Structures are given as C-alpha cells and as structure tokens.
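Have a look at the structure below before the remarks.
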Amino acid sequence: MKKPVVIAIVAIAVIMIVLVIGKKQGWIGQEYQEKVLAEKAQPRTITEAITANGKINPLVEVKISSDVSGEILELLVEEGQEVKRGQVLARIQPDIYERNYEKMEASVKSAEANLQQAEAQLQQKKLNYNRNKQLWEDKTISESDFEQVESEYEIALANKASAEASLRNSRASLKEAKDNLNRTTIYAPMEGTISRLNVEKGERVVGTAQFEGTEMMTLANLHQMEVLVDVNENDIIRVSNNDTCIIEVDAYLKQEFKGVVTQIANSAKTQGTSADQITNFEVRVLILPESYQHLIEENANNMYPFRPGMSATVDIQTNTRYNTLTVPIQSVTTRPDSIVSDSIKMEVDKDKRIEVVFVVEEGKAVQKKVVPGIQNTKYIEILEGLDEDEEVISGPYSAISRKLKNGNAVQVVEKLFDEKDK
C-alpha cells in the first residue's frame with residue numbers, strides 16, 4: 001500500500017475519534033454551556049459595617065507640666081507606676097521662690113507700717129480740721145486758713161487710701177509668691193498610671209506661666225480605653241452615637257472585643273495635597289471592659305491588657321436587618337440599562353447602568369433587575385426584583401461581571417475546578 005493512502009487512512013481515523021469524543025463531551029451538536037455556581041436566595045439577618053483603622057488611647061489622659069521654671073530637685077515616680085490623686089510626683093528647686101516669698105513678706109510688713117502711719121496722720125489732721133472748722137464758723141480765723149487745714153485733711157485721707165491700696169497690692173504679691181513656692185511641688189491631679197515620663201532628675205524645665213512649658217509626664221486612666229479611628233467622608237453619614245462596634249487589636253490575634261461609638265467629630269481632618277486630598281472624620285470608640293475581662297484574669301501581672309498607641313481595626317455596625325432576602329455579594333453586577341422583549345430590543349441609555357443578578361431557569365441564565373439594600377462581607381440584601389428560593393448564579397465572578405448575557409446556556413456545578421485541573 002502506498003504511503004499517501006496510509007496517511008489519509010490515519011487522518012480519517014483520527015478525525016473520527018475526535019468526532020466521537022466531541023459528541024460524547026457535548027462539543028459537537030450541543031450549545032456551549034457556561035459552568036457556574038448557584039445559590040438560592042434566602043432570608044438572613046445581615047449587619048452592615050464600616051471598617052476603619054486607628055490607635056488605642058486612654059479615655060482620660062493628662063499631660064503634666066510645671067507652672068514654674070527651675071531644676072528638678074526630686075522625681076518621685078517611674079514610668080508605669082500607679083499614683084493616687086494628690087500624690088507628690090516631683091519637686092522643683094524652690095530657692096528662688098523662697099527668697100521671693102520672704103521679700104514679699106517684708107513688703108507686706110512695710111505696707112502695714114505705712115498704713116498705720118497714714119492712719120495716725122489722718123487722725124491728727126481730722127482733729128485739727130474739726131477745731132479749725134469751729135473757729136471758722138465763729139469767724140475767728142480767716143477763710144484762707146481754714147481752706148489750708150481742710151486741704152491737709154483731704155491729703156491725709158488720700159494718703160490713707162493709697163496706703164491701703166499699697167497693702168492690698170503687697171498682700172496679693174505675697175499670695176502669688178506663696179502660690180509659686182507651692183507650685184514647686186507637683187501633685188497628681190487624678191488617680192491613674194504614669195504612661196510616659198519625659199524628664200530625669202536634675203533636668204531644667206520651663207514653666208507654663210508665659211510659655212508652653214516642658215511636658216514632664218503623662219498621667220492616664222488605663223481602666224477605660226478607647227480607639228480613635230478615621231472614617232471617610234462618604235461613610236461618616238451612616239455612623240451614629242452608640243453604634244455597636246467589633247474591635248480587633250493587632251496584639252491579640254483571633255480575638256474580638258466589643259465597643260460603642262461615643263463621639264463623632266464635627267470637623268474634618270484633611271491629608272495630602274489639594275489634588276490627592278483625603279477627607280476623614282475622627283470617631284471615638286469606647287472599648288467595653290467586660291469584653292476583655294478574661295485577659296486580666298488570665299494574667300494577673302498585666303492589669304491593663306491595652307497600652308496607648310496599640311493598633312486596632314474597628315467594624316462599626318451601622319445597620320441591621322432581620323430575616324431579609326439576601327444573595328451572595330458577588331452575585332450582583334451591573335449591565336447597561338435596556339428594554340428587551342421578543343419583538344424589540346432598545347437601548348434606553350448606554351451610559352446608565354442597572355444592578356442585576358442572573359437566575360438559572362431551565363438551563364438558561366435569566367437577567368433580573370434588582371434593588372439592593374445593605375450588605376456585609378458575604379451577602380447583600382435584595383429589596384426588589386427577586387423571590388425567595390430562586391437559584392441565583394454566584395460564580396465565577398468573571399462570568400457574572402463580564403461574560404454572562406441574558407439567555408446564555410449554563411450548567412450548574414458544585415465546584416468549578418477539579419483537583420486534576422489545578
């Protein structure tokens with residue numbers, strides 16, 4: 001048999017095999033079916049949440065500075081130490097303020113002596129005035145002599161008033177000097193923990209009388225902690241006071257803590273340049289102590305499981321719907337808005353897009369317009385356009401978002417890829 005004939009027979013045999021296999025696999029003689037995953041629309045409880053990142057801070061935190069300037073003579077606390085209200089924290093060198101206080105004491109005594117002298121002079125001038133007034137009324141002395149005596153009496157009155165004012169001024173200066181002397185001893189304004197210590201014994205600090213002053217330490221109440229998060233301006237309108245929050249702290253993996261929104265900023269925080277500006281609003285979330293009580297019980301040495309500056313992620317639960325119709329979130333996609341019927345297909349607006357899902361009906365993908373509601377990370381609420389138990393295509397996302405069209409043939413499978421296909 002000639003070689004060309006053998007080649008032709010082999011080629012025909014290969015073609016026949018391909019045709020048989022293609023027939024069995026549905027490649028030939030059947031419409032192409034897109035393999036998809038499907039899930040029934042079911043009522044569920046769904047909670048919408050806004051995710052934001054932030055830092056943990058004490059609910060109450062006080063920065064302590066000295067009112068007077070000078071050298072730190074004593075530093076009586078350490079970082080991390082717990083203190084009581086009124087406890088002495090530090091002392092500033094008091095020498096200068098002691099001398100000033102002594103000077104003001106002397107000034108007060110001098111002012112008191114001047115007042116006594118002015119009162120004595122006034123008494124003398126008053127007696128002289130009364131005698132001369134009687135003589136003037138009896139026409140015994142001239143009017144000019146009486147006017148001279150009257151003027152001296154009024155001067156004595158003014159001198160007494162001046163001495164009284166000088167005494168009040170000296171006493172005020174003495175009180176100020178005493179206050180400054182007392183301020184050389186720094187007391188704890190509240191009960192708490194020294195969360196930060198910025199100075200050492202022997203350093204000089206600047207007082208807050210005229211300047212910003214040196215921040216010596218930070219006193220915080222670590223019994224109550226909050227998370228400060230930044231929420232984008234597009235989401236802030238959905239956040240309300242007392243919203244429940246789920247908090248995840250980076251230091252405690254796979255643990256969730258509960259919180260509540262306590263404060264929402266009225267003014268925005270802007271970041272970046274005008275071209276790439278990001279507008280956020282600060283939201284304060286109180287961490288509920290009962291949600292981390294187990295951490296304190298497990299480790300008695302660690303009285304405060306959270307420390308200022310720890311990173312945290314907060315899910316602010318803004319809305320909850322109970323027993324509402326839901327589908328997988330990836331099932332909802334968009335398509336150009338159009339009217340389609342057996343006799344007409346008209347594009348209403350090529351730029352306008354509607355939200356749709358694809359429902360499996362008799363092996364076909366049927367496009368249905370829906371009205372979505374709130375959503376979480378897995379499911380989305382369907383307000384209109386879908387009935388319970390309808391089989392909705394949930395995967396693959398590439399087919400839902402781009403490939404599928406109304407009326408396409410589909411095949412529902414349990415999984416898209418076998419292990420041997422991977």
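Values in this document were obtained by computation on a predicted structure and should not be read as measured data.
- Within the 4.5 Å cutoff, the side chain of Ile380 has no heavy atoms near those of the Thr326 side chain.
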Indicate every side-chain donor-acceptor pair of residues 196-206 with a distance under 3.5 Å to a residue at least two apart or in another chain.
| unit_1 | atom_1 | unit_2 | atom_2 | d |
| --- | --- | --- | --- | --- |
| Arg196 | NH1 | Thr218 | OG1 | 3.3 |
| Asn198 | ND2 | Glu215 | O | 3.2 |
| Glu203 | OE2 | Glu200 | N | 3.1 |

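- Within 6.0 Å of the CD1 atom in Ile96, the count of heavy atoms belonging to other residues, nucleotides or ligands does not exceed 12.
- Using cut-offs of 30° and 60° for the angle between ring planes, the Phe257 and Tyr292 rings count as perpendicular.
- In this model, a donor atom of one side chain and an acceptor atom of the other lie less than 3.5 Å apart for Thr47 and Thr320.
- Evaluation of the side chain to side chain donor-acceptor pair (under 3.5 Å) test over residues 153-164, restricted to residues two or more places apart or in two chains, returns none.
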Contacts under 3.5 angstrom, residues 51-58 side chains, donor-acceptor by atom type, not counting sequence neighbours:
| unit_1 | atom_1 | unit_2 | atom_2 | d |
| --- | --- | --- | --- | --- |
| Thr51 | OG1 | Asp315 | OD1 | 2.7 |
| Asn53 | OD1 | Thr313 | OG1 | 3.0 |
| Lys55 | NZ | Ser311 | OG | 2.7 |

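- Under the 3.5 Å distance criterion, with hydrogens and angles disregarded, a donor-acceptor pair is assigned to the side chains of Asp389 and Gln42.
- In this structure, Lys368 places its NZ atom where more than 12 heavy-atom neighbours from other residues, nucleotides or ligands lie under 6.0 Å away.
- Enclosure of atom CD in Glu384 is not indicated, since only 12 or fewer non-hydrogen atoms of other residues, nucleotides or ligands lie within 6.0 angstrom.
- In this model, no donor atom of one side chain and acceptor atom of the other lie less than 3.5 Å apart for Glu39 and Ser394.
- Salt-bridge annotation for Glu105 and Lys178: absent, with no side-chain N of the basic residue lying under 4.0 Å from a carboxylate O of the acidic one.
- Taking 4.0 Å as the cut-off between side-chain N and carboxylate O, Glu191 and Lys84 count as a salt-bridged pair.
- By the 6.0 Å contact criterion, CG on Asn234 is enclosed, its count of non-hydrogen atoms from other residues, nucleotides or ligands being greater than 12.
- Across all non-hydrogen atoms, the minimal contact from Leu228 to Arg284 is CD1-NH1, 3.8 Å.
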Run the numbers on Tyr304 and His223 for side-chain contact (heavy atoms from CB on, under 4.5 Å), then give the verdict. CA-CA 7 Å; Tyr304 309 109; His223 291 284; 3.3 Å; yes
Would you check, one step at a time, whether the test side-chain contact (heavy atoms from CB on, under 4.5 Å) holds for Leu73 with Thr184? CA-CA 9 Å; Leu73 187 65; Thr184 59; over 6 Å; no
